[in-house]
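The structure displayed is predicted, hence computed values, not measured ones. Values reported hereafter were calculated over all heavy atoms of this structure, with side chains retained and with hydrogens, waters and symmetry mates removed.
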Amino acid sequence: MAAADDGSGRPDLARYYTQKIKWGTCKGDTEAAAEAAGGAKDIRCGHVSVPLDYADPAAGDVDVAMIRMKSSASGEPRGSLLLNFGGPGGPGVSALAGSQKDFGFLSKDYDVVSFDPRGVGLSEPVSCGDAEESTDPSSGGTDDAAAVLKEMRKVAAECAKKSGPVLPHMGTVNVSRDLDVMRQALGDKKLNYLGFSYGTRLGAVYAAQFPENVGRMVLDGVDTLTEPVAEQSLATAEGRQTALDNFLTWCTKNPGCVFGTDSRSARTGMVKLIDDMDQMPLQSMDGQQFTGQDVVGVLSQALYSRQAWPALSQALGALLADGDPRALIRMSGGLGHAGGVPRASVVGEDTPAGDLPADNLAAALMAVNCADDPDRPGAARIEKEVGRLQEEFDEASPVFGKSMLMPVLLCFGRPAGTSYIREDVRDVKTPKLLLVGTRGDPATPYRWTEETARRLGSQAVVLDNKGDGHTGYLGSTCVQDKVNGFLLYGETPKTGSSCAAAE
């Protein structure tokens with residue numbers, strides 16, 4: 001769908017829509033991750049060029065890194081299936097390199113493809129340098145709102161300084177347009193797509209922008225399209241608290257649980273543990289501290305996958321019984337995620353590839369969420385409301401409320417984002433879309449699946465996964481079978497279909 005200049009003044013995008021991808025051997029950490037996950041012989045890397053600014057293509061290009069797992073079909077594959085693993089800020093190149101087995105069944109018919117969105121990973125990564133340390137919720141909270149907002153202005157300026165020209169052109173609306181360039185460069189008439197978590201927002205925006213180009217699309221762990229950042233963060237805090245409560249209930253029913261056998265006292269004990277460690281962090285031999293908020297960070301990650309619960313129970317046991325945080329620290333390294341599929345299942349390592357900025361994931365998440373959010377209340381309003389917000393977040397989650405309030409303030413000092421997603425992504429005219437919602441999801445509550453389905457209209461079909469964990473495809477055989485059936489054979493689940501909680 002090239003927007004050629006036909007005399008109407010529209011930008012000429014023909015050179016982007018006529019390019020071909022040159023696939024070659026993956027290099028460096030990507031190659032190593034592919035080999036560690038089962039071999040790199042069917043993995044190839046490449047890139048497409050997209051305009052920095054779609055309204056002014058002459059302003060420059062962004063090279064978007066891509067990766068392809070070749071189809072195992074004996075004949076011609078159906079085409080490509082593009083994956084987005086979530087975030088925003090999650091790199092797709094390293095994720096697919098490390099998860100070939102997880103998507104091997106889909107490669108029966110498709111070349112499975114992923115990418116690092118603009119500003120992420122190998123696609124001109126954004127960074128805020130050391131400024132992200134100013135957003136640490138354990139470094140003083142929000143008691144002095146004016147001081148916090150002053151710091152946010154400094155963070156915004158530092159991000160702009162460190163990130164270069166791509167930063168003002170982040171956001172889902174632009175990445176959706178990049179997706180369409182990728183679709184054409186792959187030689188596909190239709191976009192076949194599987195998006196997790198934030199990737200569902202991206203898929204929904206694509207369905208609204210390019211409805212005639214949508215093929216088979218699955219949105220798993222469905223994001224909200226309407227709620228402002230404050231409501232999103234509050235819902236995430238509530239979801240993580242519910243997931244933690246479910247974990248503690250499970251733990252206290254198993255022998256050896258360090259919190260004992262009563263789930264109510266276990267919840268009280270968890271809050272006390274975090275408060276005590278924030279006041280008196282553990283100190284390592286090299287001077288590094290491990291705080292209560294570090295525990296919160298590990299919990300946020302581990303609760304994404306029910307399979308991690310036994311290891312989490314053991315790691316918390318070592319911390320409480322012996323004051324030894326090493327197992328929790330190891331979990332943090334092995335489970336790092338970008339708000340989508342847990343990294344334990346898609347990457348298997350926690351160090352940035354090559355010379356990538358260490359804060360790229362956090363900086364990109366902040367940049368995209370701010371670009372997608374049109375709300376920019378002034379300093380006076382924020383200072384007036386921040387105390388009330390703190391109370392709401394603490395009530396929603398005594399464990400996660402503190403850390404989830406900070407994202408509400410992070411867009412202060414940045415330009416207002418687009419209103420397109422909130423106002424225009426609705427009633428799409430596409431083939432059937434499959435939306436997967438998980439009842440015990442700690443990041444994207446099930447009600448968002450229902451709300452987004454209503455906004456997208458009659459083409460949206462909801463699959464109700466009654467299990468735990470963030471997203472359903474890798475955690476439920478039932479969900480996986482239904483998603484595979486839809487993507488490979490066009491089998492659309494009936495309205496009201498569900499998958500029972502996995503044991």
Side-chain angles (χ1 to χ4, degrees), residues 1 78-84 86 106 109-110 113 172-173 175-184 186 188-227 340 372 418-439 441 444-466 471-473 476 478-499:
M1 182 176 171
R78 177 186 300 279
S80 304
L81 175 71
L82 266 79
L83 307 184
N84 181 280
L106 291 170
D109 266 22
Y110 292 103
V113 177
T172 304
V173 171
V175 176
S176 172
R177 299 194 70 174
D178 297 344
L179 261 184
D180 201 56
V181 173
M182 285 182 254
R183 173 198 59 78
Q184 182 71 24
L186 289 165
D188 294 327
K189 292 182 179 180
K190 302 288 185 180
L191 176 75
N192 299 304
Y193 178 82
L194 172 55
F196 298 100
S197 193
Y198 161 76
T200 68
R201 189 197 312 172
L202 176 58
V205 170
Y206 186 90
Q209 285 186 308
F210 303 98
E212 69 278 13
N213 293 347
V214 172
R216 295 174 182 173
M217 179 175 285
V218 177
L219 310 180
D220 183 2
V222 183
D223 202 353
T224 180
L225 301 175
T226 59
E227 293 188 357
D372 288 358
T418 181
S419 61
Y420 176 83
I421 300 172
R422 192 177 295 178
E423 295 178 1
D424 297 330
V425 181
R426 61 174 70 244
D427 299 320
V428 297
K429 309 302 180 186
T430 66
K432 293 293 184 183
L433 309 172
L434 179 56
L435 279 60
V436 180
T438 298
R439 294 282 177 167
D441 195 311
T444 51
Y446 184 79
R447 64 177 175 82
W448 285 357
T449 303
E450 296 177 314
E451 291 169 3
T452 298
R454 286 194 294 269
R455 276 185 62 88
L456 295 178
S458 60
Q459 296 306 95
V461 177
V462 172
L463 175 61
D464 179 357
N465 176 29
K466 300 184 184 297
T471 73
Y473 185 77
S476 165
C478 171
V479 171
Q480 193 167 95
D481 287 345
K482 290 185 182 298
V483 169
N484 288 345
F486 178 78
L487 290 172
L488 294 174
Y489 313 118
E491 299 171 349
T492 305
K494 295 179 180 178
T495 300
S497 294
S498 65
C499 285

| field | Candidate pair Val479 and Thr471, rule side-chain contact (heavy atoms from CB on, under 4.5 Å), full reasoning | value | CA-CA 10 Å; Val479 171; Thr471 73; over 6 Å; no
| Going through the distances and angles, do Val113 and Leu186 end up as a side-chain contact (heavy atoms from CB on, under 4.5 Å)? | CA-CA 9 Å; Val113 177; Leu186 289 165; 4.3 Å; yes
| field | Worked verdict on Leu456 versus Asp427 for side-chain contact (heavy atoms from CB on, under 4.5 Å) | value | CA-CA 5 Å; Leu456 295 178; Asp427 299 320; over 6 Å; no
| task | Dump the intermediate steps for side-chain contact (heavy atoms from CB on, under 4.5 Å) on Val205 and Tyr420, then the final yes or no. | result | CA-CA 9 Å; Val205 170; Tyr420 176 83; 4.2 Å; yes
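Looking at residues two or more places apart in sequence or on another chain, you find a salt bridge (Lys or Arg N to Asp or Glu O under 4.0 Å) between Arg439 and Asp464. The salt bridge (Lys or Arg N to Asp or Glu O under 4.0 Å) check on Arg447 picks up Glu227, Glu451, with sequence neighbours excluded. Residues satisfying the salt bridge (Lys or Arg N to Asp or Glu O under 4.0 Å) criterion with Asp109, sequence neighbours excluded, are Arg78.
Under a 3.5 Å cut-off, the side chain of Thr452 and the backbone N or O of Thr449 do not form any donor-acceptor pair. The main-chain N or O of Arg216 is found under 3.5 Å from a side-chain atom of Asn192 such that the two form a donor-acceptor pair. Without hydrogens or angle criteria, Tyr206 side chain to Val173 main chain gives no donor-acceptor distance under 3.5 Å. In terms of modelled atom types and a separation under 3.5 Å, the side chain of Arg455 and the main chain of Arg422 share a donor-acceptor contact. For Ser476 (side chain) and Gly472 (main-chain N/O), no donor-acceptor pair under 3.5 Å exists by modelled atom type.
A side chain to side chain contact (heavy atoms under 4.5 Å, CB included) with Gln459 is found for one member of Lys432, Lys429, Met217 and no other, namely Lys432.
Looking only at side-chain heavy atoms (C-beta outward), Leu434 and Pro493 come within less than 4.5 Å of each other. Taking the side chain as every heavy atom from C-beta outward, Phe486 and Thr492 approach each other to under 4.5 Å. Taking 4.5 Å as the limit, every side-chain heavy atom of Ile421 sits out of range of all side-chain heavy atoms of Asp424. Within the 4.5 Å cutoff, no side-chain heavy atoms of Asn84 are placed close to those of Phe196. Annotation: side chain of Leu219 is not in contact with side chain of Val436 (no heavy-atom distance under 4.5 Å). In this structure, the side chains of Leu202 and Ser176 come closer than 4.5 Å at one or more pairs of heavy atoms. Within the 4.5 Å cutoff, no side-chain heavy atoms of Val462 are placed close to those of Glu450.
Side-chain contact annotation: Tyr473 with Asn484, donor-acceptor N/O pair under 3.5 Å present. Looking at Asp223 and Thr444, their side chains never bring a donor and an acceptor atom within 3.5 Å of each other.
Remark: Arg183 engages Asp180 in a salt bridge, criterion side-chain N to carboxylate O under 4.0 Å.
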